[in-house]
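Fair warning: this is a prediction, and the values are worked out from it, not measured in the lab. In what follows, residues are counted from 1 in the order of the sequence shown. Keep in mind that the numbers below use all heavy atoms, side chains included, and drop hydrogens, waters and symmetry copies.
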Amino acid sequence: MKSNHIILTFKTLAFSVWLFVGLSCENDPKDFQQATYSKNPEVFIDGFSPTLGYGAFSGSVLTAFQVDNEVTYNNSAASMRFDVPSVNDPDGTYAGGVFLTSVPRDLSGYDALTFWAKATKTASLDVVGFGNDFGLNKYQASINGLNINTTWKKYIIPLPDASKLKAEKGMLLVSEGPENGAGYSFWLDDVKFEKLGTLAHGQASIFAGDNKTETSFNGVQTNISGIQYVVNLPNGINQSMSISSSYLDFVSSNPAVATVDASGVISTLGQGTTVITASLGSESAAGSLTLNSFGTFVNAPLPTRDPSTVKSIFSNAYTNVPVKYYNGYYEPYQTTRSADFTVGGDDVLNYTNFNFVGIEFSEPTIDGSNLSHLHVDLFMPNPIVAGTTFKVNLVDFGANAAFGGGDDTNHVTTFSPPTIVSQNWISLNIPLSSMTGLASKAHLAQIIFEGTNIPNFYADNIYFYNDGSVIPATPTVAAPTPTTPAANVISIFSNAYTNVAGSDYNPNWGQATVTTQVNIAGNTTLKYAGLNYQGLQFGTPQNVTSKNFLHLDYYTANSTSLKVYLISPGPVEKAVVLTVPTTGGWRSIDIPLTSFSPVNLSNLIQMKFDGNGTIFLDNIYFRD
């Protein structure tokens, strides 16, 4: 379904409200009987049946549904018409909603919802079914991808277990988006519940009929997935449906290990093994889950790295970058499934039936040029056998930042015992410098895990980081905010103070340096790229004899030589050599003005920097 949010837009609705007041009346318990509801099977026969209304899903085109008196089945008075929008329609992305009653109905005497349908072209309806009541949707059942064409045809949606539908409000559910980007119209008519008596061999299943085996720990909650119902239609075709968990009864063979509630939530309670099964009525459902619980779960080590040095893919310790998917199921070769869980507030990736699995973070890609390592925490719950390997394949999408195009590169790092162990967290820290297969690290987009003899594993704290060995070419944080009172400062360049008016930060002295002002974390910063020398002309001559220091904040990732000069008329100039940082980060320095002798401090007109590399400068001022 396209959306779980709703906007009610009732077209026709008949409500009847009766109020009885009894006075001075003593009631016999026999007078109280269980409420019974109408068994009216009609949904839309030439119009809405009594108490029925339409509610459109949020995000759908609110006017997509209309009652049509022109195109009808078998010359009936009216039909239901749905106008599906094209892609980029400003009114909504799809047509969809629910037809529900204000008063429940008893549908226990029927075995199918039937209707006639046609369309302006051959299409496949995304979802058609019943049981959505804009509430718990307890007994929802639907067909996904119902094929319709340009001629009227009767369709059947079986009721998985009609005995449960004694007070149902959701009579019809429809949701459909554009086909190949284009909109179209389709019609439903003669919509009603029937007792066909010709449906056969109904079979429910959990986990898509697979007999799965998974590991778990105390406190882990997971959901039963792959709930389906298949029934043989009168034409001999087996119709597959998606049904809600409420149709099924679940059983745990060992409730001390794990229980399963009516909504299909499995809660692991203790150590041991249990088998989770289900039934629909008196018939066993296909599929099961053998759950092996190891008892108390030990979370992965809590990361302690400074968040400013981290680009996180999956971790509760950091803010994760946008991730497209954590399991990009690549058919037909991939067998890996996901059974992720949460323990103690920590989310954990759980990959089962593992051969390989991809994580993609391409929108946008990550620039790893300033990062040193990829970190991954792994837990292998099963014994490690001979020949076990675990591979980490890191992919860069190249300059076009998109998959394909001929510029993608990758590198595979392989791990084996004794690095790979069982029943303990393994922390991998892979240097990006070792990934020689990557032509670039500027457009990192995928991490693909591959394995041999590893049936399943857990993963946590997947992130890139800089351990300080890689100095970012551009600072990621602003220069430190000055704390010297403004009254004690003559400022040349700083957002923190009022600067000397009219200063020229890029006078033409024939230099090769490219000077710009850039924004670093919200702070205006001078950038000297390809520095050979660069002047700075004060707006007016400055008398700094009342001050004691020249303050500078500077940053460089690649300079090996850097000097700063003060200049008075003559010109008289004097250089002070600055220490070039080798570990990254901003360097703050206060240079005694006496270091610039014999420059005339009462008549300063210029400053100059020379050296090499690229330099970032901020908070240039004289202070007491």
Side-chain angles (χ1 to χ4, degrees), residues 300 303-328 349 356-378 390-415 426-450 459-477 518-521 527 529 555-558 581-586 613-614 616:
T304 58
R305 294 194 175 275
D306 184 343
S308 68
T309 68
V310 169
K311 292 287 187 182
S312 180
I313 307 300
F314 181 87
S315 178
N316 290 83
Y318 304 110
T319 300
N320 298 321
V321 302
V323 175
K324 191 173 181 180
Y325 50 72
Y326 291 105
N327 186 349
L349 295 173
F356 69 91
V357 66
I359 300 173
E360 183 165 320
F361 37 91
S362 59
E363 299 175 354
T365 59
I366 290 177
D367 184 357
S369 303
N370 300 328
L371 301 169
S372 63
H373 290 77
L374 168 62
H375 176 95
V376 182
D377 286 328
L378 302 172
F390 187 86
K391 299 179 180 180
V392 180
N393 184 357
L394 182 59
V395 183
D396 186 284
F397 276 179
N400 64 0
F403 178 76
D407 59 353
D408 298 0
T409 57
N410 70 293
H411 185 90
V412 178
T413 305
T414 302
F415 299 92
I426 309 159
S427 292
L428 304 179
N429 291 283
I430 311 171
L432 298 187
S433 59
S434 71
M435 299 186 181
T436 55
L438 292 173
S440 166
K441 301 179 185 69
H443 310 94
L444 301 177
Q446 288 180 340
I447 298 171
I448 302 172
F449 297 133
E450 307 169 43
D460 200 356
N461 301 320
I462 304 172
Y463 57 84
F464 298 95
Y465 67 92
N466 183 2
D467 66 355
S469 61
V470 177
I471 302 176
T474 299
T476 57
V477 297
V518 296
N519 187 304
I520 303 296
K527 177 181 178 181
Y555 178 104
T556 180
N558 58 3
T582 58
T583 58
W586 285 95
T614 295
F616 294 84

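Residues Y555 and P472 form a side-chain contact, since some pair of their non-hydrogen atoms from C-beta on lies under 4.5 Å apart. You'll find the side chain of T413 stays beyond 4.5 Å of the side chain of L428, heavy atoms only. Between V321 and I313 the shortest side-chain heavy-atom distance falls below 4.5 Å.
Distance CZ/F464 to OG1/T309: 13.5 Å, rounded to 0.5 Å. Atom CD1 in I520 sits 6.0 Å away from atom OG1 in T474 (nearest 0.5 Å). Distance check: N393 CG to M435 CE gives 9.0 Å after rounding to the nearest 0.5 Å. With rounding to the nearest 0.5 angstrom, the CG atom of L378 is 8.5 Å from the CZ atom of F415. The CG atom of L444 sits 6.0 Å away from the CZ atom of F361 when rounded to the nearest 0.5 Å. To the nearest 0.5 Å, atoms CG (D367) and CG (D396) are separated by 9.0 Å.
Under a 3.5 Å cut-off, the side chain of S362 and the backbone N or O of P364 do not form any donor-acceptor pair. Checking side-chain atoms of W586 against main-chain N and O of P475 turns up no donor-acceptor pair under 3.5 Å. Between the side chain of S372 and the backbone N or O of Y465, at least one donor-acceptor pair lies under 3.5 Å.
Pairing each heavy atom of A401 with each of H443, the nearest pair is CB-CD2, 4.2 Å. Taking each heavy atom of N461 and H375 in turn, the nearest pair found is O-CD2, 3.0 Å. L432 approaches H373 most closely through the heavy-atom pair CG-N, 3.9 Å. P303 and Y318 make their closest contact through CB-OH, 3.4 Å (heavy atoms, listed as atom of the first residue, atom of the second, distance). Scanning both residues, D377 and A300, for their nearest heavy atoms gives OD2-CB, 3.9 Å. The shortest non-hydrogen separation linking I462 to I359 is CD1-CD1, 3.9 Å.
By the neighbour-count criterion of 12 heavy atoms within 6.0 Å, atom NZ of K441 is densely surrounded, having more than that number from other residues, nucleotides or ligands.
Every residue meeting the ring pair (Phe, Tyr, Trp, His ring centres under 6.0 Å) condition with F403, not counting sequence neighbours, appears here in chain and number order: F397.
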CA sep, side-chain torsions, deciding dist, call: L349, V357, side chain to side chain contact (heavy atoms under 4.5 Å, CB included): CA-CA 11 Å; L349 295 173; V357 66; over 6 Å; no
Evaluation steps, side chain to side chain contact (heavy atoms under 4.5 Å, CB included), between V392 and F449: CA-CA 5 Å; V392 180; F449 297 133; 4.1 Å; yes
Candidate pair I448 and N410, rule side chain to side chain contact (heavy atoms under 4.5 Å, CB included), full reasoning: CA-CA 10 Å; I448 302 172; N410 70 293; over 6 Å; no
Audit row: H411, L394, side chain to side chain contact (heavy atoms under 4.5 Å, CB included) steps and yes/no: CA-CA 6 Å; H411 185 90; L394 182 59; 5.6 Å; no
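For the residue pair N466 / N370, no side-chain donor-acceptor distance below 3.5 Å is found, with atom types taken as modelled.
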